[in-house]
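Here the structure is laid out as structure tokens; the discussion comes afterwards.
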Protein chains: 2
Amino acid sequence: MVLREKRLIKMKVTISDVAKMAGVSKSTVSRIMNGNLEQNTEGTIQRVLKVIDELDYKPNALARSLKSTKTNVIGIILSKLQNQFWSSVLEGVEDTCRNSGYNLMICNSNEEAQLEEDHIRSFQMHQLDGLIINPTLKNPHLYKKLSEDQFPFIAINRKMYDLDVHMVTVNNINGAKVAIQHLIDSGKTRISIFLYPPDGISPRLERLEGYKQALQSNGLKVSQSLIQIVGEGKGEVEDAVKKLLHSSDRPDAIFSTNNMMTLEILEGIKNQQLKVPEDITLVGYDETIWAKHLNPPLTTVNQPAYEMGSLAAKKLIHLIEAKGVESEIPKVVSLEPSLIIRESCGSKLQHKN
Amino acid sequence: MVLREKRLIKMKVTISDVAKMAGVSKSTVSRIMNGNLEQNTEGTIQRVLKVIDELDYKPNALARSLKSTKTNVIGIILSKLQNQFWSSVLEGVEDTCRNSGYNLMICNSNEEAQLEEDHIRSFQMHQLDGLIINPTLKNPHLYKKLSEDQFPFIAINRKMYDLDVHMVTVNNINGAKVAIQHLIDSGKTRISIFLYPPDGISPRLERLEGYKQALQSNGLKVSQSLIQIVGEGKGEVEDAVKKLLHSSDRPDAIFSTNNMMTLEILEGIKNQQLKVPEDITLVGYDETIWAKHLNPPLTTVNQPAYEMGSLAAKKLIHLIEAKGVESEIPKVVSLEPSLIIRESCGSKLQHKN
DNA sequence: TTGAAAGCGCTAACAC
DNA sequence: GTGTTAGCGCTTTCAA
């Protein structure tokens, strides 16, 4: 009667209801629910299972976690969901979580220090088991504290240089090198690089570094005027392109270090009535679904985004479950990018994709 | 002493610790923490606040929620994170959640009925306050149950036709109409539509419906051979394009109902050595960052994705907080799409973007 | 103005 | 095999 009411007025059914209805104690229900079957009569088991099913009983994860101090939820803090690269990373994370029985909480830091701090705090209040973060790098004290507190977390994409923490990154030096080498092999000698302000952000610093190394190892010299550091404001990239293309020493190639930036560069070139690859060649960073449909099809540096996400999640879960045991998995993992050659460098059809 | 140990060996600090250290009871700490200040001595308040700060005390959200039966977490179930449309929706949802003090749990149904069911179940076990879902539509009994149980949820993008539930959608009939009308106004008469199998999925059905209506209201007849229903398998779109372009009654325009599909159509056209818009014109569904950089710049039907997400989250939160009170907010909201005219229809420069 | 105590739903010793 | 009990960390009457 009471039970039927529960269903009618839709009160939540708890373990006590199941216990009562099956005529056993809560502990018994709990045991059976958690697969601790070895010590129960087949009859009891069946009876309890039947009641659970009939009542459509769903154990309260809050209560469970409160007791066990384990939520099976991890968090991720990203900054630019809109960027294809990050949605791929997210997919990798999500897939892995699902396959490992974890839920995922997601937040957007928007590159703001305060938001990042709030989110981390919130995650900790929710007792999340761990955290994956593309850090703004604006809260060094915080990262340090997380690390000291042994809170399981993985920095993804961006390195925390002076902290001995777990990281999953892509080798950005090689990414830039392979792009520049390709341009040089295609006969280019005046190669410009476009990047957002490095500000201690490893992917930016390293792409610049790789750019320089590639030039130097080919006997080309690095010219400051070809290093274009642009802000993220609207139109800034196009302006820089315009100025560069009208300068006395116009480059014969541009290396773009960001996929959204690439589109703006393309726009800038078009606005100057110039054509790719005839007037100037171009390589973009990050493979995207649209790269091959641009005019001309774009040569890109491909980062294993999905794998990054998936690997970060796996590492984190490993960390969480091996808690205490100082495991011997490597702290820093660096994946390798690859070059997808299309027509924007003038070297047609070397690689059809 | 005990407290210092807590920090050293890093045990979690609880409300009892704060209480003890401040020399008050847990209730007092609780009150002050929750802004129930009116009934406390200024001295006590300051003392407690100071201890909270010193101990860096973070209230355990699990315990809190267990008591209050409110988690301030909502869930979202999506299927194609990779699609720009959905990452925009997600951003809208996330922003709104953050601004309203909610956390967000995210899952990928991958269009699989079983996964969808598992995720809903998991969300309920976690006591989430509500749910936003782009339903697979493969679990009608489940949606019905959610609705009957008065669980707060919003169906987004896809309609649940026979259920009286809250929905946020875009007017897909109008989206198709405006696209087709533009093609007709540009002098096209043989317009083909490409779509994935409708299968009762409203955006697909409605786009087809809008297509038909637009043709008919312009005195054009609907030809079955121009309605191309293609599967999502690799190469299927390109094959269909090839066949269509070689048929006796080649169309003079294609209306693509999906942004990824558009890229494949473009590829298919290119492979037949035909050019857009000279040989055939094209309108795509969903504005994307790359649309204007395609060759030629693509005319698209723009859906207010971010707004959809944001609105869905707002509605959901409203639902949650007005729980019980049958509020008078409309159950079904339909947003309007717009057309962004570029050059892929041959009508150059009517709208520069 | 503050404290004591019960209880949210579950788990895990420890009894029997 | 199964039940009893204590408590996870918090909120909230009810008393004082």
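Scope of the values below: all heavy atoms of this structure, side chains included, with no hydrogens, waters or symmetry mates. Given the structure is predicted, the values throughout are model-derived calculations rather than measurements. Naming: A, B, ... by sequence-line order, numbering from 1 per chain.
- With rounding to whole Å, B:Ile15 atom CD1 is found 18 Å from D:dG7 atom P.
- Closest to the side chain of A:Tyr57, out of D:dC10, C:dC10, D:dG9, is C:dC10.
- The pair B:Glu307-B:Lys315 fails the salt-bridge criterion, with no side-chain N (NZ, NE, NH1 or NH2) lying under 4.0 Å from an Asp/Glu carboxylate O.
- Electrostatic pairing of A:Glu116 and B:Arg98 does not count as a salt bridge here, judged by no charged N lying under 4.0 Å from a carboxylate O.
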Applying salt bridge (charged side-chain N to carboxylate O under 4.0 Å, His left out) to A:Arg158 and A:Glu111, what does each step give before you reach the verdict?
CA-CA 12 Å; A:Arg158 294 180 180 176; A:Glu111 299 288 0; 2.8 Å; yes

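- The stretch residues 59-75 of chain A participates, sequence neighbours left out, in these salt bridge (Lys or Arg N to Asp or Glu O under 4.0 Å) pairs: A:Lys70-A:Asp129.
- At the phosphate of D:dG3, OP1 or OP2 sits under 4.0 Å from a side-chain N or O atom of A:Ser25.
- Rounded to whole angstrom, the span from the CD1 atom of A:Ile32 across to the C1' atom of D:dT2 amounts to 10 Å.
- Judged by closest nucleotide on DNA chain C, B:Gly23 is the one of B:Gly23 and B:Thr69 placed further toward the 5' end.
- The interatomic distance linking B:Arg64 (CZ) with C:dG7 (P) rounds to 22 Å, in whole Å.
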Test salt bridge (charged side-chain N to carboxylate O under 4.0 Å, His left out) on B:Asp56 and A:Lys145; report intermediate values, then the result.
CA-CA 12 Å; B:Asp56 190 23; A:Lys145 182 148 194 323; 3.6 Å; yes

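- If you check every strand for non-hydrogen atoms under 4.0 Å, B:Met125 touches nothing.
- Straight-line distance from the NE2 atom of A:His126 to the P atom of D:dC10: 13 Å, rounded to whole Å.
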For nucleotides 12-16 of chain C, give me every protein contact, N/O to N/O, under 3.5 Å, one pair per line with atom names.
{"unit_1": "C:dA12", "atom_1": "N6", "unit_2": "A:Ser27", "atom_2": "OG", "d": "3.4"}

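- Side-chain nitrogen and oxygen atoms of B:Asn40 include at least one within less than 4.0 Å of the OP1 or OP2 phosphate oxygen of C:dT2.
- Between D:dG9, D:dG1, C:dC10, one nucleotide has an atom nearer to the side chain of A:Ala63 than all others, and that is C:dC10.
- Remark: B:Thr28 is in phosphate contact with C:dG3, judged by side-chain N or O atoms under 4.0 Å from OP1 or OP2.
- Taking 4.0 Å as the cut-off between side-chain N and carboxylate O, B:Glu54 and B:Lys50 count as a salt-bridged pair.
- Atom P of nucleotide D:dG3 and atom NZ of A:Lys20 are separated by 14 Å, given to the nearest angstrom.
- Using a cutoff of 4.0 Å between basic side-chain nitrogens and carboxylate oxygens, B:Lys144 and B:Glu148 are scored as salt-bridged.
- Computed from coordinates, the A:Gln46 CD to D:dG1 P distance equals 16 Å when rounded to whole Å.
- Put simply, CE on A:Met33 is 13 Å from P on C:dG9, counting in whole angstrom units.
- For A:Thr44, taking side-chain heavy atoms from C-beta onward, the closest of the listed nucleotides C:dT1, D:dG9, D:dT2 is D:dT2.
- Atom CG in A:Leu62 sits roughly 17 Å away from atom P in D:dC8 (whole-Å rounding).
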